[in-house]
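Here's a structure for you.
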Amino acid sequence: FDDTVRLYDSDTCQCVKLLGCACRDLRTVAFSPDGYRIASAGRNGTIRVFQMPMAERERDIAAARRRIRAVAFSPSGRRMASAGDGPMICIWDVTTGEKIRDLPARPAKIMALVFTSEDELFAGGTDNVIRQWDLTAGRVGYELVGHTGTVAALARDETAGWLISGSFDTTVRIWNI
């Protein structure tokens with residue numbers, strides 16, 4: 001519930017930089033795969049993108065009118081997805097800040113996003129379901145069902161081909177995708 005991202009040196013565990021975010025009540029932070037960008041968002045629906053290594057503000061993206069709870073970068077770092085309390089998952093061109101596509105998020109609030117390729121995105125939310133989005137077709141390909149609580153975290157293991165999900169039901173699931 002703050003407006004600051006704190007960057008720490010992993011060797012010394014010391015805070016080395018404070019980044020002012022576009023809102024109070026920060027909800028999500030993501031690093032691009034190459035480490036060149038950081039994105040943060042929260043209550044006011046604005047995504048702030050920083051360029052590394054100097055952590056300079058690159059741009060603000062007025063992404064939504066409602067709270068953003070998840071942002072994720074594609075494997076190339078050229079695309080970014082955002083979602084939360086609003087009715088859409090938005091796909092952005094990171095370089096320009098322009099919207100590429102909207103995808104319907106309902107019936108859930110989206111709490112977690114992860115790209116597995118440039119054209120495949122997984123979204124989990126308050127309806128306990130994980131949806132696989134085909135971004136080329138702009139539609140859901142399939143759903144992963146098994147959690148009995150909100151899906152709050154998603155990660156991928158590229159080597160094994162796994163999707164890992166964490167839920168308010170206190171379970172972690174590993175999906176062979």
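If you read the sequence from its start, that first residue is 1, and numbering goes on from there. Just so it is clear, the values below take in all heavy atoms, side chains as well, and ignore hydrogens, waters and symmetry mates.
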Before giving the answer on salt bridge (charged side-chain N to carboxylate O under 4.0 Å, His left out), spell out for Arg131 and Asp127 the whole-Å C-alpha distance, their side-chain angles and the decisive distance to 0.1 Å. CA-CA 11 Å; Arg131 289 177 177 79; Asp127 65 349; 2.8 Å; yes
Main-chain N/O of Ala108 paired to Arg106 side chain as donor or acceptor, under 3.5 Å: yes
Out of curiosity, Phe50 CZ to Phe31 CZ, how far, rounded to the nearest 0.5 Å? 10.5 Å
Between CD1 of Ile110 and CD1 of Ile68, what distance do you get to the nearest 0.5 Å? 12.5 Å
With the 4.5 Å side-chain cut-off for hydrophobic clustering, are Ile177 and Leu154 part of the same group? yes
Other residues, nucleotides and ligands only: do more than 12 of their heavy atoms fall within 6.0 Å of CD on Glu143? yes
Would you say that Arg37 contacts Val94 through its side chain, given a criterion of any heavy-atom pair below 4.5 Å between the two side chains? yes
Evaluate the side chain to side chain contact (heavy atoms under 4.5 Å, CB included) criterion for residues Leu7 and Met52: first the C-alpha distance (whole Å), next the side-chain angles of each, then the deciding distance (0.1 Å), finally the verdict. CA-CA 11 Å; Leu7 297 179; Met52 299 303 287; 3.7 Å; yes
Note, Val5 side chain near Cys21 side chain (heavy atom, < 4.5 Å): yes
Of all the heavy-atom pairs spanning Ala70 and Leu113, show the shortest one and how long it is. O-CD1, 3.6 Å
Single-linkage hydrophobic cluster, 4.5 Å side-chain cutoff, Val114 and Val151 together: yes
Write down the atom of Gly86, the atom of Ala105, and the distance for their closest heavy-atom approach. O-CB, 4.1 Å
Looking at every non-hydrogen atom in both residues, tell me the closest pair between Cys23 and Asp3 and how far apart they are. O-CB, 3.0 Å
Close side-chain approach of Thr171 and Thr148, heavy atoms under 4.5 Å: no
Strictly distance-based, threshold 3.5 Å: is any side-chain N or O of Thr150 a donor or acceptor partner for the main-chain N or O of Phe168? no
When you measure from the side chain of Arg79 to the backbone of Glu118, do you find a donor-acceptor pair of N or O atoms at a distance under 3.5 Å? yes
Nearest-0.5 Å distance, CD1 of residue Ile91 to CG of residue Leu135: 5.0 Å
Kindly give the heavy-atom pair with the smallest separation between Ala72 and Phe115, and that separation in Å. O-CE1, 3.5 Å
Neighbour count >12 (heavy atoms, 6.0 Å) for atom CZ, Arg139: no
If you round to the nearest 0.5 Å, how far is OG1 of Thr170 from NE2 of His147? 10.5 Å
same_hphob_cluster(Leu103, Val71) at 4.5 Å side-chain heavy-atom cutoff: no
Indicate if Ile100 and Val140 have the same hydrophobic cluster label, given that clusters are the connected sets of ILVMFWY residues with side-chain heavy-atom separations under 4.5 angstrom. yes
Exercise: identify the closest heavy-atom pair between Pro33 and Phe73: CD-CB, 3.7 Å
Are the side chains of Asp169 and Asn128 in touch, meaning some heavy atoms are under 4.5 Å apart? no
Quick one: CD on Glu120 to CG on Asp134, what's the gap to the nearest 0.5 Å? 8.0 Å
Side-chain heavy atoms nearer than 4.5 Å, only ILVMFWY residues, links allowed to pass through others: does that put Val29 and Val49 together? no
Are any of the side-chain heavy atoms of Arg69 and Thr28 separated by less than 4.5 Å? no
Nearest heavy-atom approach of Trp92 to Ala62 is CH2-O, 4.3 Å
Check for a donor-acceptor pair, side chain of Arg173 on one end and backbone N or O of Gly146 on the other, with a separation under 3.5 Å. yes
Hey, does the side chain of Arg48 reach the backbone of Ile38 with a donor-acceptor pair shorter than 3.5 angstrom? no
Would the number of heavy atoms belonging to other residues, nucleotides or ligands and lying under 6.0 Å from CH2 of Trp162 be above 12? no
Rounded to the nearest 0.5 Å, how far apart are CZ of Phe122 and CD of Gln132? 5.0 Å
Could you tell me whether the side chain of Asn44 and the main chain of Ala22 form a donor-acceptor pair under 3.5 Å? yes
